[in-house]
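These notes concern the structure reproduced below.
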Amino acid sequence: MILQQAFNGLALGMAYALIAVGYSLVFGILRLVNFSHGSVYAFGAHMVILFVSYHFGLAPAIILGVVLTGLLGILIDKMALSPLRKKNSPGISSLITTIGISYIIQNLLMMAFGSEKKTFPELFPSKMITIAGAQVSSMQIVMFIASVILLLVLTLLVKFTKIGLAMRSVEQSEKIASLMGINTNFIIAFTFFLGGASAAIASILISGYYQIVYPTMGFVVGLKAFAAAVLGGIGLFHGSIVGGLVIGVAEAIAASLFGSAYRDSVAFIILILVLVIRPAGLFGKKGIEKV
Amino acid sequence: MSLLKVVDLHTSYGKIKALRGISLEVNEGEIISLIGSNGAGKSTLLGSITGIVSPASGKVLFEGKDITNNRPNEIVRKGISISLEGRGILPRLTVEENLRVGAYSISNKNEIKAAMEEMYQMFPRLAQRKKQLAGTMSGGEQQMLAIARALMSKPKLLLLDEPSLGLAPNLVKQIFQMIKDINQKGISILLIEQNATMALRIANRAYVLENGIVKLSGTTEHLLNHSGVKKAYLGEVR
Ligand SMILES: Nc1ncnc2c1ncn2[C@@H]1O[C@H](COP(=O)(O)OP(=O)(O)OP(=O)(O)O)[C@@H](O)[C@H]1O
Ligand SMILES: [Mg+2]
């Protein structure tokens, strides 16, 4: 029983981690919690059902959905956040702006798609597999593996590529990065693209699992992923991954013990407990926040 | 030939007028020193040249081309590089990564590798500490890294903002020797220094900044013997 829930939680938790990394990416580079991320997540799945409804075929619809969601990330930055930065507005203005954008995206999705729940296509014919007495669907395994691969790719990109080096430089000092020849606007846009695209992939994986989408679907998931990011230490990749897994597994186990009506509060109970003990998150260190 | 030419530059931070009409010139191959008391506007001048702050009026010309209000990342590509006041290394990158960031504007991998080897030869200390996080290095090591990093972009003009700040006397000497060596390789240098005596000894010409204007300028022999300079800036000479 516990094992069963652990499997469910691991699959979902890995997808949370993928969303959490989006918070961490943007937070790392701008010290901003991007609360529009949940709606960006919802946008991804809706783009896929849109293109599928126009008979693009599932794979092209997925690719288009991911790219467009990445571009939405850039658009959010260019239209709303970058102008605020240029005016040296306080961080709180940007924060409120991302909340506003979140609702704008949600409402646009409602206007375009209606607010009711729609079915999301099955990504592939899923089978149930029995591992050590627990039932696991092949979709869950795919969700887990795809998320792991993507997180790995993102990690390698940030650690070992030239653009990753530029991202880490901008994260430490935008001024110095620009003096070294880095086009910081491009790097910030690229970071938003990565955040949007990874949210879209998570959205497609999770929607492929539940096979349901609706405009406000990103709200709770977005908050949980944010909790995962903070839990691990926001701005840290490995923190997001561990945070996502902890929340995914805890939520699945709690749902089976107390009933699924209580699953959503578990993430936040854990978050509050961790923050009381370790204010900077599991892996966060104090004092390295800003140079 | 004039490499850098600054013409009647005015720069403000809100109501504070930090530069009030600065004109100066760096010719190819020269070392130019810029001295002046705290708050005179020296760093602001370098900021205005590198595109970090935008001047209210006036011009910055590099190799005859107007680069006023270009973005910092474009200015590096044109051949101006800076080692910042307080070093400005990226603390959570390793020494090697800092050097790589310095070479960001160069796309040829072999060229980057060669430049890196050259820096490790010039600064053996850095070679031993390639994998160390820059923020954990000593002040002197960080200063060397800042200079090495600035050289990685193969600049024609190197701007140095107080490279000897907070260093022990023997290290200061070493840094000044390096500045000479760098200049020998054909890189022109605009040097800001609090240590006016050494700054004047190393340079071809110098400018004295006061309250955002050029108070005095000329050859270093001239300034070293100038009574006003002696009194205000060379007081420490024994
Ligand atoms: N970011 C800023 N915002 C507001 N005022 C500034 C800023 N930077 C510098 N100033 C002001 O501009 C003036 C010139 O400062 P600047 O840093 O250029 O002086 P400096 O000659 O480099 O001094 P120091 O020798 O102490 O480094 C000072 O009055 C300073 O307070
Ligand atoms: Mg200064």
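First the proteins, then the strands, lettered A, B, ... as listed; each starts at 1. Keep in mind that the numbers below use all heavy atoms, side chains included, and drop hydrogens, waters and symmetry copies.
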Exercise. Does B/L90 reach the side chain of A/M180, with side-chain heavy atoms less than 4.5 Å apart?
Worked result: no

Exercise. What part of B/S153 is in contact with chain A, defined as an atom under 4.5 angstrom from a non-hydrogen atom: side chain, backbone, both or neither?
Worked result: neither

Seminar exercise, completed: Tightest non-hydrogen contact, residues A/G181 and B/Y104, listed as O-CD2, 3.6 Å

Problem set entry | Interatomic spacing from CD1 in A/I176 to CG in B/L84 - rounded to 0.5 Å | 5.5 Å

For this session: Nearest 0.5 Å please: distance from the CD1 atom of B/I52 over to the OG atom of A/S178.
Result: 4.0 Å

For this session: Sort by residue number and list every member of residues 61-81 of chain B having a non-hydrogen atom under 4.5 Å from chain A.
Result: B/R71, B/P72, B/N73, B/V76, B/R77

Seminar exercise, completed: From the list B/S105, B/G51, B/G88, the residue making the most non-hydrogen contacts under 4.5 Å with chain A is B/G88

Exercise. Any side-chain heavy atom of B/R92 within less than 4.5 Å of one from A/E171?
Worked result: yes

What pairs of donor and acceptor atoms, side-chain ones from residues 192-201 of chain A against any protein atom, are under 3.5 angstrom apart with sequence neighbours left out?
unit_1	atom_1	unit_2	atom_2	d
A/S198	OG	A/L194	O	2.8
A/S198	OG	A/G195	O	3.1

Problem set entry | Side-chain heavy atoms of A/K162 within contact of B/R100, under 4.5 Å | no

For this session: Indicate yes or no: at least one non-hydrogen side-chain atom of A/Q172 is less than 4.5 angstrom from one of B/I89.
Result: no

For this session: Return yes when atom NZ of A/K78 has more than 12 non-hydrogen atoms of other residues, nucleotides or ligands closer than 6.0 Å, and no otherwise.
Result: yes

